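We name chains A, B, ... by the order of the sequence lines, and we start the count at 1 in each one. Scope of the values below: all heavy atoms of this structure, side chains included, with no hydrogens, waters or symmetry mates. These numbers were taken from a predicted model, which means no experiment stands behind them.
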Protein chains: 4
Amino acid sequence: MQRRTTPDAGRRSEASRRAILTAAFELAGEVGYAKLSVEGIAARAGVGKQTIYRWWPSKGAVLFDAFLSLSQGQDGQEGLPDTGDLEADLKVVLRATVDEFADPRYDRPLRALTIEIMNDPELAALYAERLDGPMKELKKARLRAAQQAGHLPEDLDLDVAVDLIWGPLLSRWLHRSGPLTHAYADTLVETALHGLLPR
Amino acid sequence: MQRRTTPDAGRRSEASRRAILTAAFELAGEVGYAKLSVEGIAARAGVGKQTIYRWWPSKGAVLFDAFLSLSQGQDGQEGLPDTGDLEADLKVVLRATVDEFADPRYDRPLRALTIEIMNDPELAALYAERLDGPMKELKKARLRAAQQAGHLPEDLDLDVAVDLIWGPLLSRWLHRSGPLTHAYADTLVETALHGLLPR
Amino acid sequence: MQRRTTPDAGRRSEASRRAILTAAFELAGEVGYAKLSVEGIAARAGVGKQTIYRWWPSKGAVLFDAFLSLSQGQDGQEGLPDTGDLEADLKVVLRATVDEFADPRYDRPLRALTIEIMNDPELAALYAERLDGPMKELKKARLRAAQQAGHLPEDLDLDVAVDLIWGPLLSRWLHRSGPLTHAYADTLVETALHGLLPR
Amino acid sequence: MQRRTTPDAGRRSEASRRAILTAAFELAGEVGYAKLSVEGIAARAGVGKQTIYRWWPSKGAVLFDAFLSLSQGQDGQEGLPDTGDLEADLKVVLRATVDEFADPRYDRPLRALTIEIMNDPELAALYAERLDGPMKELKKARLRAAQQAGHLPEDLDLDVAVDLIWGPLLSRWLHRSGPLTHAYADTLVETALHGLLPR
DNA sequence: AGTTAAGCGAGACGGTACGTCCGGTCTTGAA
DNA sequence: TTCAAGACCGGACGTACCGTCTCGCTTAACT
């Protein structure tokens, strides 16, 4: 999946590839997962269906590549903000995520991709490696910086820490189990940092 | 959707209703969301398709009712364990959840229902009210007991607290973003209770 | 294939059946065999493709039924003309056939059906039984009448006789191996009746 | 289409041309018209599709050339047998044709070519000129010899005569409208020669 | 002998149609 | 009126070929 530095096949049409990924992302945003079809993507991209089936094993793989393409050459690559104030920085980041989730143009494609991941362990592994992995590294890097500044314990399990901060957000977004507001983001950061127990 | 106390309709066949819900749950467990079809459910239940469409607005609603039926008349209704040791009690509960997620007979139907919820805000609301709501009440009750025992601060936002403990679990389960083990459950509880910051 | 006196299924839609047969015949006449598609027939008939595949095993079977429907409740059922002058009567009939072959609205569907028959022995058998058979009976009846009038030998093999008169016509039509004119029809009848040898 | 004396193009690969014609004929014999594809021919011939499309305008044209190649450098070029006994000679020839029609290795390719001819008037003209024409000349030559020997009338229309003898055979073969046996061939010759009318 | 342009195999491409599956609606006959 | 059964229209699936289009490569002809 995805390439271009490696020639993949030599004869593959870059224009078609781009058109397909763009169409997939846009359609996912417009019609949602339930009505997203390979046929629709092909039509929107001005491409034969076979050109999709030739290069991707499933609708989900196309969507994944669309996100991968998008993620490359984009902002946020340089890392999370680091003003020295961990709590404030995390709030900025989570509020931004909340804003993204509120925009149907991001909410819907992301939901679609998430569903594909939920149904396809192989795709989930790929997602973990190529999309979530790098993002998680940035998050952990920010926490590591805080550790080194003495703001977090040396022995903190950073994977669990990341889960603790972002997990509730994802879960609430997916299940629509409550309002996703800046206030919620703030409370979440505070509670995760200080813990439930009294100090 | 759902009935029982209210007769819903004088002539409705209880046998068909049960057969449909059972078939839906079993099929979801056997074939997964992607291949779960109304026709399949009807065939397995020995029922006409119309009987499904007559009483449920969507495949997701059937699945929802299947879970609802299952949740009624079942253990765990009486509340989470309360030994006085909050941390230990939470670990027991989360370990049990981890075990459920590991069993395909629960993992797959639950994934299927989750996907339906993700795609259908109405169903999400129903889920929040009828399935997740009661469960969340039990969780909050346990935390409230801890508050009253002085183990948790009086001003703790219990909704956020519940999210903080269970959100990461759900998120890791759905995304398969890491191993779902008892150890993870334990660390999660500890970290949520004590927070990330050093004491 | 085909029925209606027998209930076939009880639930079959007569309107759809008719629309399909009409569409098939018309399309065969308009676009020819090479471009005749099940999809096209379904679209023209305002019918789902499945409704075609449910009742007919192949495109050719549909076309066959279209001809069968057409042949029923139609003129010419009463037999070939019999004025007492065999040669003149045959010329009238063959000239009429020549005229039909010249009309694309008959030429093309008939070519299409013929091709299907050529490729499908089962269909050929059905054709022989249901369409060609009855027609051949009429032809043989006329020749039998001539026999009884003493115009043809008692021991003449009527099947061969029919082939001898109509075979060359069909062959020339299918292969376009020469002009199909009234003159040709006339010469054919004369030559077949008198034979090649000198008298 | 076809070349040989005229070089058609300085660079054309004779090996590819032969491989294509052979593959086309063999595949037509093995899979029949309905499943004969340009891609299949190219694959079997070990040739790029473009090499076929470069030199032939259609699948039918390839098949035609395959027959043309076959017909050249083959027996029967010297003419029909002439023992002086027209009836016996014709029976020999028609029996041989009946035998060919019974062999799937000839039956199927010939059916395929016939279908192409039926759908393509241009191809039909070419067929009439290059394949059927020469063969018809041989048939007419034999009849002409009979005329000169006084066995056939001077004013007999030889085209019609040929049609009368071979048309019924072709027609019965294509439609499978009856058994194609030596006995049928014999009766056909006799009836055509003597005519239907009593002597 | 070196250059060049064609033909070649391979196979990607935009398309059309295939035959199947399923969604959601509608109809029939039995209970 | 509900139910099992299942036909109906529609739309998408994933596959097979169509005829066109490059891509490098080989190879013959013409400098």
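Between B:Ile117 and A:Arg176, every side-chain heavy-atom pair lies at or beyond the 4.5 Å cut-off. Side chains of D:Leu36 and D:Arg108 form no contact here, defined as non-hydrogen atoms less than 4.5 Å apart.
For the pair A:Arg44 CZ and F:dA12 C1', the computed distance is 17 Å after rounding to whole Å. Summarising the geometry, the separation between CG on C:Leu36 and C1' on E:dC18 is reported as 13 Å, rounded to the nearest angstrom. With rounding to whole Å, D:Glu14 atom CD is found 11 Å from E:dC8 atom P. If you measure from atom CD1 of A:Ile41 to atom P of F:dG11, you get 18 Å, rounded to the nearest angstrom. A:Tyr33 has its OH atom 14 Å from the P atom of F:dA12, to the nearest Å. Rounded to whole Å, atom P of F:dC13 lies 15 Å from atom CH2 of A:Trp56. When the C1' atom of E:dG24 is taken as reference, atom CD of B:Gln50 falls 8 Å away, rounded to whole Å. B:Arg18 has its CZ atom 15 Å from the P atom of F:dC3, to the nearest Å.
Applying the 4.0 Å criterion to OP1 and OP2 of E:dC13, one finds that A:Trp55 has a side-chain N or O inside that range. Contact check, B:Ser16 against F:dC3: no side-chain N or O comes under 4.0 Å of OP1 or OP2. Phosphate contact (OP1/OP2 of F:dC8, side-chain N/O of C:Arg54, threshold under 4.0 Å): present.
For C:Arg11 against F:dA5, a side-chain-to-base donor-acceptor contact under 3.5 Å is present. A donor-acceptor contact under 3.5 angstrom links the side-chain atoms of B:Lys49 to the base of E:dG24.
The backbone N or O of B:Leu110 lies less than 3.5 Å from a partner atom in the side chain of B:Thr114, making a donor-acceptor pair.
Counting non-hydrogen atoms under 4.0 angstrom, A:Gly46 reaches the backbone sugars and phosphates but no base.
Between A:Thr51 and C:Lys35, the residue anchored closer to the 5' end of DNA chain E is A:Thr51, taking for each the nucleotide with the nearest heavy atom. Both B:Val47 and B:Glu39 lie close to DNA chain F; mapped to their nearest nucleotides by heavy-atom distance, the more 5′-ward contact belongs to B:Val47.
Ion pair D:Arg44/D:Glu30 flagged as a salt bridge, since at least one NZ, NE, NH1 or NH2 atom sits closer than 4.0 Å to an Asp/Glu carboxylate oxygen.
Checking E:dC18, F:dC8, E:dC13 against the side-chain heavy atoms of C:Arg12 singles out F:dC8 as nearest. Distance from the side chain of B:Tyr53 is smallest for E:dG23 among the nucleotides E:dG19, F:dA12, E:dG23.
The 12-atom threshold is not exceeded at CZ of B:Arg105, counting heavy atoms of other residues, nucleotides or ligands nearer than 6.0 Å.
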